[in-house]
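Reading through the structure tokens given below for one structure.
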Amino acid sequence: MTDTRFDPSQADARWQRAWEEAGTFHADSNSPRPKSYVLEMFPYPSGRIHMGHVRNYTMGDVLARYKKMRGYEVLHPMGWDAFGMPAENAAMEKGVHPGGWTRENIANMKAQLKRIGFALDWSREFATCDPEYYGHEQALFLDLYEAGLVYRKESTVNWDPVDMTVLANEQVIDGKGWRSGAEVEKRKLSQWFLKITDFAEDLLDGLGALENWPDKVKLMQENWIGKSSGLEFSFELSNGESLPVYSTRPDTIFGASFVAVAADHPLAQSAAMNNCDAAKFIEQCKRGGTTAAELETAEKLGFDTGIGAKHPFTGKHLPVFIANFVLMDYGTGAVMGVPGHDQRDFEFATKYGLPIVRVIAASPEAAGEPLSEADTGDGVCVNSGFLDGMSVEAAKAAVNARAESEGWGRGTTVWRLRDWGVSRQRYWGTPIPFIHCDGCGVVPAPKDSLPITLPDDVDFKTPGNPLLRHPTWKHTTCPKCGGAAERETDTLDTFVDSSWYFLRFASQPADKPFDREEVAKWLPVEQYIGGIEHAILHLLYARFWTRALQHIGQLDFAEPFGSLFTQGMVTHETYSRRTDGRTTYFLPAEVDRSGNGAVLRDDGQPVEIGRVIKMSKSKKNTVDPDNIIDTYGADAARWFMLSDSPPERDLPWSEAGIEGCGRFVQRLWRLFGQYDPAAQSEDAQYDKALSRKLHQTIAAVAEDVEALNFNKAVARIYELTTAAEKAQPSAARSEAIAGLMLLSSPMMPHLAEEAWERAGFAKNSGGLIAEANWPEYDPALLVEDEVTIAVQVNGKLRDTEVVAKGTDRAELEAIAVANTKVQAILSGASPKKIIVVPDRLVNIVT
RNA sequence: GCCUCUGUGGCGGAAUUGGUAGACGCGCUCGACUCAAAAUCGAGUUUCUUCGGAAGUGCCGGUUCGACUCCGGCCAGAGGCACCA
């Protein structure tokens, strides 16, 4: 019998074809239905879909299918974040063209996604490496330039002196270039920036209105934007100059024992001119990576310039250091060092023998308490002249007021957020549409010259930017003077590409980036789903870009994503070997983990087992879903992704559960086969219980799916399945079986379609279950009429009692006191207190 | 180092948000069916126990009649830290 087993290898493809032929998931912008835009973060086409993608897109898919069943016109599109470094790496390693490599990957991954049966509107697909896409991006960039939101300035990059190329942070390993192994240097380059700081206040304020964003994401963004108020003031220096510094803790000014400037601060530069030791120290600071993590964990080093700074209150001379932990990008690039109340300053002062003074203490009496580490707690000012006895807050205000009235400083707001550097010295990205002319300077490319496309004939045999050394590409004429000029050879950060792709999904006009009317119909995105790793950068950039477009009058809203859901990552341990100081990673599929350790299947030799971390291409700890679909079918894979783990939490990958999911698919299939509309009830009481279970499940699954609590919805479906299996044939049972088909259809759409058809619904209603309505529930059936209450003595459970729902307090108390186990414990003593929570418990306190 | 999370049986996790800890699933054990296997079905499965109970949600302490849930302090792991996407 063919229908005793569900055969995904037949059914999956069959229904995928049926949906495609019926145009089931085609989003019609002229539909009278209410609209819903469900979007998952589009993937980088790395080559293969991995489990993180499957998890992400399955969640979105369930929601999209559910919304459709609830009567929405759903836009659920897919595309490709197709520019980026891995394509260039592949070009260098395998000699393939980044474009060809990317296109091939897209084709493979699209085929993989199609096998999983996602309810996507493929007619809206595009890749960011399409000239039709990035040409419009160039136009938008020029629009922002005209609005004054784009500028150039010098900024630091990682420079590999052997390969003569700029390295991404990821390519710097232990301060060395990943290919050359050369010690990386910091180098300044003139680069393009977007003025995200113009929107800092607005981006911060906007978080308040994002009710359906996770608090943790809003908090992370808030901290990232980092609004702080403090004092900007100037030290008079012994060389007659003045040095502006910024501090968020002016209340600790009496504890200042040194002043420190960044290595690239003008003062440091001029010190280097007169002093070769200073120059050497600055050179030393240039070594190592540029990341905040590296700077902050590196040993605190300084160089005493010999210059003195005059303390504005005490007149004491403070030594001025050049220090490797001061950032030129934040504040004024110079700080006052207060070792008593800042841990970095404390470490620095300890190392260089500088005074450490307590100026904040829990109470005035504790002024003399020694410090073994920086005290960053609250308290009152001590050892601080006129500030003594003031609270931290009062002292801040008092210092600011004195500085302002005496004219040597002022209270200011400083942001941690820096402008967005978008220049990349790489080939595989959107060319920045500017032209460098010796006579006219930097000139925007005329809009009618867009798209400025990438040349195809590039080579990756030598490191560095192929655009820069291409024989002809950069040569052009100046749009202003007509003279010979050169194109900008930097390309845009790929975060620019992902900052507006969601607008392009609304429609794809040829002559403009997006159609305003279509955007108005679909946007903002109703539900955006993606990895928590994008909590700050991508989401902040997209919010900024949307605001910037609103600012220049191209959009009518500021926030692109109404609701955000950040899923946890699919994680796996890593397998690696180190040879010649380089680490090679291996795929889980290449590794035999059956013994105690792990060995490579190829040579039987052990590999090192690394930590359980997010699946990523660079660490090769990815699992390919194709094998799982081959073995168990798309529905089992989808079900597995939704089961068990709460979606916001990380999911450590294991193969163990998938088999059970495959069994459940068959179990449901057998149950669905028992659908019998003619079945008659024999036991009305029993029927009512099953009917109640069905209606409770309908309500609960809807609620769970809307909250994206898929693991809970899955558990409900299991429970109803078990109840239906155990029930005798009856009308209620058939109703439950039909209900289960509908409830499980967003999660296991192929199985549901097959069962729907077999049960005759497709013929009767003339449609697909994907186009059916979500079942209604009867609110009257949700309420139970009996509840089990806990009987506790001193908070410990002693027994339970079944009572009618809504039994009043007095009666509950009487039942509990009369309970034999309670009587045994009380043994005649009378309780001190009895706490009654109706429908829940009675607690007897002795 | 900084910011944000997470921590519950052998495993993934549930717990109506302060009210019966371990729902549901995986795995395992035993049983039924079978010549046998697979599949399927049934029972059991936190730990200890003198079988009365006792302990138990990363660790230490606190609030409460009652704490996985709230508060304080630690520990461990993950994500992000501006050129991975």
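Keep in mind it's a predicted model, so treat the numbers as computed, not measured. Scope of the values below: all heavy atoms of this structure, side chains included, with no hydrogens, waters or symmetry mates. Note on naming: letters A, B, ... go to the chains in the order of the sequence lines (proteins, then strands), and numbering restarts at 1 for each one.
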Pair [X] + [Y]: basic N to acidic O under 4.0 Å:
X: K188(A); Y: D264(A); value: yes
X: E488(A); Y: R152(A); value: yes
X: D342(A); Y: R249(A); value: no
X: R424(A); Y: D493(A); value: yes

*Y632(A)/W639(A) aromatic ring centres below 6.0 Å*: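 No.
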*Is it true that F502(A) and Y528(A) have ring centroids separated by less than 6.0 Å?*
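No, ring centres 6.0 Å or more apart.
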Indicate syn or anti for [N], taking the glycosidic torsion and treating anything within 90° of 0 as syn.
N: G73(B); value: anti
N: G72(B); value: anti
N: U20(B); value: anti

Between atom [atom1] in [X] and atom [atom2] in [N], what is the gap in whole Å?
X: E813(A); N: C65(B); atom1: CD; atom2: C1'; value: 13 Å
X: E170(A); N: C83(B); atom1: CD; atom2: C1'; value: 10 Å
X: R611(A); N: U6(B); atom1: CZ; atom2: P; value: 20 Å
X: L812(A); N: C65(B); atom1: CG; atom2: P; value: 21 Å
X: M220(A); N: U6(B); atom1: CE; atom2: C1'; value: 12 Å
X: F346(A); N: G1(B); atom1: CZ; atom2: C1'; value: 16 Å

*Quick one: is R424(A) getting a side-chain N or O under 4.0 Å of the C83(B) phosphate, OP1 or OP2?*
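Yes, within the criterion.
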Determine the contact category for [X]: base if any of its heavy atoms lies under 4.0 Å from a base atom, sugar-phosphate if only primed atoms, P, OP1 or OP2 are that close, otherwise nothing.
X: L417(A); value: base
X: G568(A); value: nothing
X: R344(A); value: nothing
X: Q191(A); value: base

*Do the numbers put K300(A) on top of the ring of F348(A), so that NZ or CZ is under 6.0 Å from the six-membered ring centre and no more than 45° off the axis?*
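Judged by the rule, K300(A) and F348(A) form no cation-pi pair.
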Taking atom [atom1] of [X] as the centre, does the number of heavy atoms from other residues, nucleotides or ligands within less than 6.0 Å exceed 12?
X: Q823(A); atom1: CD; answer: yes
X: E294(A); atom1: CD; answer: yes
X: N223(A); atom1: CG; answer: yes

_So, under a plain 3.5 Å distance rule, would you say the side chain of Q425(A) forms a donor-acceptor pair with the base of C83(B)?_
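For Q425(A), whose side chain was compared with the base of C83(B), there is a donor-acceptor pair (under 3.5 Å).
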*Using a cut-off of 4.0 Å between protein heavy atoms and nucleotide atoms, how would you tag nucleotides 51-56 of chain B 5' to 3' with B, S and -?*
---SS-
*asked:* Generate the contact string for nucleotides 12-26 of chain B. Rules: B means base contact, S means sugar-phosphate contact only, - means no protein heavy atom under 4.0 Å.
replied: BSSSB--BB--BSSS
_Of the options G79(B), G42(B), C84(B), whose atoms approach the side-chain atoms of K726(A) most closely?_
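Closest nucleotide among those given: G42(B).
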*Where the side chain of A168(A) is defined as all heavy atoms beyond and including C-beta, which of G77(B), C2(B), C83(B) is the nearest nucleotide?*
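Closest of the options to the side chain of A168(A): C83(B).
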Watson-Crick or G-U wobble mate for [N], both contacts under 3.5 Å:
N: A36(B); result: none
N: A67(B); result: none
N: C2(B); result: G80(B)
N: U17(B); result: none
N: G52(B); result: none
N: G9(B); result: none
N: C74(B); result: G58(B)

